[in-house]
Amino acid sequence: MTAMVKAEGIHKSFGPVQVLKGIDLEVQTGEVFCLIGPSGSGKSTFLRCINHLEKINGGRLYVDGELVGYRQKGDKLYELKDSEVALKRRDIGMVFQRFNLFPHMTAAENVMEAPVQVKGVNKAQARERARELLEKVGLGDKAGNYPSQLSGGQQQRVAIARALAMEPKLMLFDEPTSALDPELVGDVLDVMRDLAESGMTMVVVTHEMGFAREVGDSLVFMDDGVVVESGNPRDVLTNPQEERTRSFLSKVL
Amino acid sequence: MTVDVNKTDGPEDTPPAGPEALKAIPVRHPGRYVSAAIALAVLGAIVYAFAQAKKINWGAVPDYFFDDRIIEGVLNTLLLTVLSMVIGIVGGILLAVMRLSKNPVTSSVAWFYIWFFRGTPVLVQLFVWFNLGLVFEYINLGPIYKDYWSSFMTPLLTALLGLGLNEAAYMAEICRAGLLSVDEGQTEASHALGMSHAKTLRRIVIPQAMRVIVPPTGNEVINMLKTTSLVSTVQYVDLLKAAQDIGQNAGSIVEMLFLAAAWYLILTSIFSVGQYYLERYYAKGSTRSLPPTPIQRFKAMLPARRPKGVSA
């Protein structure tokens, strides 16, 4: 297996506040990689660094063997142009905590938007593909609905379909179920489970320990901008080695 | 994020459909009848005072209402309103994007423009444009165009520049507020899908900003329609100027002012209807179902037509 994401000593600060203090980790192709930790531990920030929504201040971050946001020539780093960054983001799907669906477009139009506008797929083809994807996430009958007419769980599944429409090789999930009513969480997790079974590489920031244990291949516990403990989710969650992991898990489990 | 427009009739307007309707004598409100009577009396007195005024020759108003000169004035007013607003909106969007840009020079230039044009009265600006010939004697665009400033600066151009450039400063602030009202998550989601800055702005941000931009822009259009009456001072023949000219010749100055007022009311009313439907269009997706338009409501009030051949 090759590493889809490789992080070497990632540092990130917002002004004087250091959020990431040297993150090293590897996400293998085809695995489900879960990031857990208390809020403010930097896990969402790290996820956003992977598709360059946040610029890192130090270290090296690779996706599929290529540097994120920069080009290296000799020993000098050059910032990538916006258009080059956009080109790389096509291959990385992202699902947000607050869904961020486009409210002025129907579910189908949300899913069609990027393929049509970015890849230049013709509309009829994109519409057909959008229908398939909405079918896949269990919303085949909601294609014509606007986001405001859908429940939170339905909106999040549309958001997953929207990300999948670009046929990414990597999917990032930023607490995808945290803004949902408890009874709607299951539907979204089912879709993510199906996606994992199809072999998609997924990096998931989550508070759903059950999902991490069942579906996750690797798990990292982060606190205060560093990786505290990592390994197989079943081992880490049932038999944590570090005191900080133990105290966190005792609060959430 | 934004205010919901058109939040009107909800389900609470439908009569209660229970097994037995409650019967109760409603509370009487005698005060309402009294206040209504007073209001009507005052209104009637004002109308009467105007109608019986012997010094005003009301007959002159219908006589000149569709006079060719008036109609030409109306068309000129409309033309000026539309063109000034086009300059204002295009300039406003440009200035708003400049102000939000990361380049400190462009954002300062936009700031300065807005500061200057918002900070001086539009009537003063009109006079300045009108008298700019004191600064520039000729206009010389090389081989393309060369003329005296005074013959280049026609009344229409003076009016357009004066009103349009002033309007751009106001529109810039309206557009900026609209762009800022769109949640940052929308931009992030769009970028995460690989869309460029320009596409994000055009496809995602602007359509959502329009909901915030359209209502105050409608106000601006109506304001502009009325502000165009200032251009009579720079020799442009708009509705007011046409009415004044007729009034002076026919000796019915006040009558023609009433005529102009009536025309302004008609025009602003038409614009208001247009604004209503434009707002509905951009409310798409923001409310679960749009409230009915007045026309739809009126149709719903008519007794439903029964299909033929079905007895009641």
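Letters A, B, ... mirror the listed sequences (proteins, then strands); counts begin at 1.
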### Query
Checking F96(A) against chain B: side chain, backbone, both or neither under 4.5 Å from a heavy atom?
side chain
### L172(A) portion near chain B, given a 4.5 angstrom heavy-atom threshold
neither
### Task
Would you tell me whether D174(A) and Q97(A) have side-chain atoms, one donor and one acceptor, within less than 3.5 Å of each other?
no
## Note on the structure
If you tally heavy-atom pairs under 4.5 Å between each of K119(A), R98(A), M94(A), R162(A) and chain B, the highest tally belongs to R162(A)
### Message
Is the ring pair W111(B)/W115(B) parallel, tilted or perpendicular, if the boundaries are 30 and 60 degrees?
### Response
parallel
### Query
Between T106(B) and S101(B), does any side-chain donor sit less than 3.5 Å from a side-chain acceptor?
yes
### Query
Looking at V95(A), I92(A), N51(A), D82(A), which makes the most heavy-atom pairs under 4.5 Å with chain B?
D82(A)
#### Entry: pair E173(B)-R99(B): side-chain heavy atoms closer than 4.5 Å
yes
